[in-house]
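A note on names: the letters A, B, ... follow the listed sequences, proteins ahead of strands, and every chain is numbered from 1.
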Amino acid sequence: MEELPKPDEMYESIDHTPPEEEWEKIESPIKRGRYAYPAKDKNLAIMEFPTPGEWSPADEEWPLPDNWQQIIHEGFKERLEKYRSLKIFMDTCVRCGACADKCHYFIGTGDPKNMPVVRAELLRSIYRNDFTTAGKILGKIAGGRKLTKEVIKEWFAYFYQCSECRRCSVFCPYGIDTAEVTMMGRELLNLLGLNINWIMEPVANCFRTGNHLGIQPHAFKEMVEFFCDDIEEITGLKLNPSFNRKGAEILFITPSGDYFADPGTYTFMGYLMLFEALGLDYTLSTYASEGGNFGLFTSSDAMKKLNSKMYAEAKRLGVKWILGGECGHMWRVINQYMDTMNGPADFLEVPKSPITGTVFDNAKSTKMVHITEFTADLIRHNKLKLDPSRNDKFKVTYHDSCNPARAMGLLEEPRYVIKNVCNYFYEMPENTIREKTFCCGSGSGLNTEEVMDLRLRGGLPRANAVKHVHDKYGVNMLACICAIDRAAFPPLMEYWVPEVGTTGIHELVANALIMDGEKERTTDLRFESLKEEEDEADEG
Amino acid sequence: MNPQTLLLEKRKEIVNQWFDEVIAAYSEDGAKFFKKTKDPFANPVGRTLYRCLNELFDEVIKTDMDKAAVENAIDGIVRIQSVQEFQPSDAIGFIFTIKPTISQRLKRYGDDTAVKKYLTALDANIERLLRKAFDLYMGCRQKVFLFRANQSRDRVRQLLVKKGYIEEIPEKGDNLEDITAKSDNK
């Protein structure tokens, strides 16, 4: 936590000087490259959201229903009654400005509406106007403004320029969770059917087929088997992971990004190798084949539906507890929302490592353990044979993925694991890591190609810190524990620091892991030589 | 009187003015932040622009510019501005603003032959900077479009390859010979 300012300091820090220009008057053009493509009706329909038909944010006239104002007003009212947190967030801000320059999108653009305080003000001004006595009487003087079609456009523009990373919240003396303000803004837009396809398609696919891309069960199984073939080639060991096996002790769930896109696939291979080395009694599910939950970026109802699948599957299979992979926002859903949405998961047991006997009391209610906690515990109890020199060609730094860091406080375990499997580890500057970590710039469903510019400028603060450790220590590998990171970093690094690659932690673990009966390793999981010089010699 | 020495004496003043002109292209709040926040990790845009303008100033006033240093400094600025929704001409516009700033400083020595000669050489330098900036800007934009195209292509392609629905010609190894042999037999 940031050290809280004393009351006097806080009071003195409040800038009472009104801005020279009123923020409401600053134009927010909706232009190509700044917005993600709108959600398709078919994806909205399956989730029972309103379907506005085909439209584009660049259109002058948006397809709003006749009673759109009433829909927003009633939706806002319902949420204010339902979530006390929302009401507090709407009432509490004193505009101290502590959050203003903490958002990576503001830092990368200089656009004042990307200041978290102003982004929240987009919603707050309507709240004041419609729901507070002062606002109802005094209107603009009390900071209120009328709900117009332009406001809706502005919401769409800026609530989809927030990656819900919550860095700003760390600096807020009142703990206002700006991500939740964005979530509410997006929920209200959903009531009008205004969403983006990059979010809605994964939600619909996950709901219907089980994962973001709509990968069918047999294809999922074949892909995992393909990884096993690669592992056999590298280690000489034949792995036979089970699928949908009833009675397994543990159900393992990870984001689909780990099995359909490089470099996440190497992380998936890492999990498989670790479990094999331990002889773990676990199973994969072709139904709960997605750890990610884009419902979080849509509405609480969608989030709840997608989250419930994981627990329904755990129940159906009769496992004791769930082990979760290197995902980002999955952990925010599990750690902060699951319990009140679908919990408590009292049909499961409090997770206990079958290898070390450690009971994970922190997961007593959700029954779901993060894999870096699990692995850190194994290392702590000397249960893994490791040769960190196999990672010697990597000079590693660690990006605290936003949600595991800020939503569950997972700061030490990933570092502990990396330091035990790698000999060269370097931290980025203090104000860019741990709870103050900078977002990859592509979180909360903004990882789509049409907003590549936005992602690159939003990711600049993170890339800039990576560049610093690259220049200073020769860092050439960026480790993270989030599938969106693993998809977002390759282009981000190639643009800002092309010499730095991206990896999940369990890829590094598996490189270092000495498995019983394995043949002498000559390559890492990417089929590249273990030593840098050999790669270069090969090329020569 | 050496114009270069004269400009070096006013270095801080000139670069600060140049920096102010560059950040004036941003919103008022953005510009204020880019200027005030000194921590390079909290403010990568402002600090990178400032550092690169300093480096560029040191080169542009020379009669013999260091190519690598020029490229490095321009790249730092253009790489940022090419993903910030600037028009192409604006993203490389920072180069135009240095000329009047320098000329203004040397105005009162306008009749001096050495200064006249120096200003002509400066014009040539600025032209070189512009060409370099244009190339770098285009390189950045091409990269952005490449990322977009690659993401779009790879999303499904990797799956098809992994599932064996696509069999591509291998890079090297026995398979390649098999394929060649097959086509030779036809």
Side-chain angles (χ1 to χ4, degrees), chain A residues 19-21 23 26 29 31 33-34 100-102 106-115 118 213 215 219 222-223 226-227 259-262 265 428-432 438 447-465 467-468 487 490-492 494-496 498, chain B residues 22-37 39-49 51 72 75-76 79-87 91 139-165 171-172:
Chain A
E20 283 177 32
E21 193 177 14
W23 68 265
I26 301 171
K31 51 186 180 184
R34 199 187 263 204
D101 56 358
K102 305 303 187 294
F106 173 71
I107 294 172
T109 61
D111 180 346
K113 288 187 189 171
N114 273 327
M115 290 177 173
V118 181
L213 274 194
I215 296 165
E222 282 174 24
M223 288 162 83
F226 175 85
F227 296 147
Y259 58 87
F260 75 73
D262 298 341
T265 50
M428 285 183 273
E430 180 273 334
N431 55 345
T432 71
F438 275 116
N447 196 20
T448 178
E449 61 265 24
E450 63 265 25
V451 289
M452 185 60 78
D453 291 61
L454 173 74
R455 292 165 51 191
L456 292 174
R457 57 183 180 259
L460 169 60
R462 167 41 73 223
N464 181 57
K467 188 173 185 320
H468 172 73
L492 188 74
E494 199 182 326
Y495 191 78
W496 298 108
Chain B
V22 171
I23 59 171
Y26 296 89
S27 73
E28 200 185 315
D29 291 290
K32 208 192 286 177
F33 167 72
F34 292 149
K35 190 171 180 175
K36 263 175 57 180
T37 307
D39 179 339
F41 303 109
N43 175 20
V45 172
R47 296 320 292 167
T48 307
L49 295 180
R51 176 176 54 79
N72 210 24
D75 185 82
R79 193 162 293 277
I80 290 175
Q81 296 206 326
S82 60
V83 290
Q84 284 182 324
E85 300 183 316
F86 283 100
Q87 289 295 321
C140 287
R141 291 310 305 166
Q142 271 174 347
K143 228 170 194 185
V144 173
F145 289 123
L146 195 67
F147 293 155
R148 292 180 60 175
N150 284 351
Q151 182 173 332
S152 195
R153 185 196 63 185
D154 290 347
R155 195 180 314 150
V156 180
R157 189 174 159 277
Q158 277 191 16
L159 269 179
L160 295 177
V161 172
K162 283 203 168 125
K163 277 215 64 198
Y165 287 141
E171 295 285 338
K172 54 186 173 185

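- By the 4.5 Å heavy-atom criterion applied to side chains, A:N464 and B:R47 are not counted as neighbours.
- Counting heavy-atom pairs under 4.5 Å between each of A:G108, A:P490, A:A100, A:A487 and chain B puts A:G108 at the top.
- Heavy atoms of A:T109 lying under 4.5 Å from chain B belong exclusively to its backbone.
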One pair to check against side-chain contact (heavy atoms from CB on, under 4.5 Å): A:K467 and A:W496. What are the steps and the verdict? CA-CA 8 Å; A:K467 188 173 185 320; A:W496 298 108; 6.0 Å; no

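- Taking a cutoff of 4.0 Å between a charged side-chain nitrogen and a carboxylate oxygen, B:R141 and A:D453 qualify as a salt bridge.
- Within the 4.5 angstrom heavy-atom criterion, atoms from both the backbone and the side chain of B:I80 approach chain A.
- For A:N431, the part lying near chain B is the side chain, with the backbone staying farther off; criterion is any non-hydrogen pair under 4.5 Å.
- Side chain of A:R462 to main chain of A:T432: a donor-acceptor pair is present (N/O by atom type, distance under 3.5 Å, no hydrogens or angles).
- For B:D39, the part sitting under 4.5 Å from any heavy atom of chain A is the side chain, from C-beta outward, and nothing else.
- Using a 30° and 60° split on the angle between ring planes, A:H468 and B:F41 fall in the perpendicular class, above 60°.
- Using a 4.5 Å cut-off between heavy atoms, A:P429 contacts chain B through its side chain alone, with no backbone atom that close.
- Comparing A:M428, A:R455, A:E494 by heavy-atom pairs within less than 4.5 Å of chain B, the highest count is held by A:E494.
- Residue with the most contacts toward chain A among B:Y26, B:F33, B:F145, B:F34: B:F33 (heavy-atom pairs, distance under 4.5 Å).
- For B:F147, there are no ring-ring contact (aromatic ring centres under 6.0 Å, His included) partners two or more places apart in sequence or in a different chain.
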